[in-house]
Amino acid sequence: VQLVESGGGSVQAGGSLRLSCVASGATSTSYCMGWFRQVPGKEREGIGIIERDGRITYADSVKGRATISQDNAKNTLHLQMNSLKPEDTAKYYCAAASRSNCYVGSWLAAYYAMDYWGKGILVTISS
């Protein structure tokens, strides 16, 4: 399975961004998928996960500002982020796991549950 992110770049604070992740080598409905992000020197942070049954879990840090959606026909996962803040600056990663549920109570567990990762894409929010 290969995951390729797109849509990153520089945005001013308060703006919006939409990231996409195309999955190849498998159908997206066979995996739970999610978005994570990482700032240099810090641990990778969970943003949101969509389970195979369509349930979505968001991290508290982005709840109300992030929306995950999936285009199954195109094997594509999207992340819409609004009201962006400078602290949202990070490298954003798409991930997938061949299991029914990726989020089982903690984002650390979700991170270790992922089988496949994209290379990441940089998002920079300027104040």
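Taking every heavy atom of both residues into account, Ala66 and Met81 meet most closely at CB-SD, 3.5 Å. Between Ala96 and Met33, the closest heavy-atom pair is CB-CG, 3.9 Å. Across Glu51 and Cys32, no two heavy atoms sit closer than the pair OE1-CB, 3.5 Å. The two residues Ser127 and Pro86 have their closest heavy-atom pair at CB-CG, 3.9 Å. Summarising the geometry of Ser16 relative to Asn82, their closest heavy-atom pair is OG-OD1, 2.9 Å, with the distance given to 0.1 Å. Minimum interatomic distance between Asp53 and Arg55 (heavy atoms only, all atoms of both residues): OD2-NE, 2.8 Å.
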Q: For the pair Arg37 and Val62, evaluate side chain to side chain contact (heavy atoms under 4.5 Å, CB included) and give the outcome as yes or no after the intermediate values.
A: CA-CA 11 Å; Arg37 65 186 180 186; Val62 299; 4.0 Å; yes
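Within the model, atoms CG of Leu84 and CD1 of Ile125 stand 4.0 Å from one another, a figure rounded to the nearest 0.5 Å. To the nearest 0.5 Å, the span separating CD on Gln12 from OG on Ser126 amounts to 5.0 Å. With rounding to the nearest 0.5 angstrom, the OG1 atom of Thr67 is 8.0 Å from the CG atom of Leu79. Separating the OG atom in Ser83 from the CZ atom in Arg65 is a distance of 7.0 Å, to the nearest 0.5 Å. Rounding to the nearest 0.5 Å gives a distance of 6.0 Å between CD1 of Ile121 and OG of Ser6.
A donor-acceptor contact under 3.5 angstrom links the side chains of Ser61 and Glu45, judged on distance only.
Hydrophobic clustering (ILVMFWY, side-chain heavy atoms < 4.5 Å, transitive): Val104 and Tyr112 are in distinct clusters. In the hydrophobic cluster analysis, where Ile, Leu, Val, Met, Phe, Trp and Tyr join through side-chain heavy atoms closer than 4.5 angstrom, Ile68 is grouped together with Tyr116. Note: the hydrophobic cluster containing Val1 also contains Ile50 (ILVMFWY, side chain heavy atoms under 4.5 Å, direct or indirect links). Clustering ILVMFWY residues whenever any of their side-chain heavy atoms sit less than 4.5 angstrom apart, transitively, puts Leu3 in the very cluster that holds Tyr92. Under a hydrophobic clustering in which Ile, Leu, Val, Met, Phe, Trp and Tyr are joined whenever their side-chain heavy atoms come within less than 4.5 Å, directly or via other members, Tyr111 and Leu19 fall into different clusters.
Under a 4.5 Å side-chain heavy-atom criterion applied to ILVMFWY residues, the cluster that includes Val39 comprises that residue alone. Counting Ile, Leu, Val, Met, Phe, Trp and Tyr side chains that sit under 4.5 Å apart, directly or through other members, Val4 stands alone, with no cluster partners.
For the pair Gln70/His78, no side-chain contact is recorded, criterion being any heavy-atom separation below 4.5 Å from C-beta on. The closest side-chain heavy-atom distance from Met114 to Cys102 is below 4.5 Å. Leu77 places a side-chain heavy atom less than 4.5 Å from the side chain of Trp35.
Around atom CD of Glu43, no more than 12 heavy atoms belonging to other residues, nucleotides or ligands sit under 6.0 Å away. Within 6.0 Å of CD in Gln38 there are more than 12 heavy atoms belonging to other residues, nucleotides or ligands.
Salt bridge annotation for Asp60-Lys63: present, with a cationic side-chain nitrogen under 4.0 angstrom from a carboxylate oxygen.
Sorted by first and then second residue, the pairs that involve residues 95-108 and meet side-chain hydrogen bond (donor to acceptor under 3.5 Å, both in side chains), not counting sequence neighbours, are Ser98-Asp115.
A cation-pi arrangement, defined by a distance under 6.0 Å to the six-membered ring centre and an angle within 45 degrees of its axis, is present between Arg44 and Tyr93.
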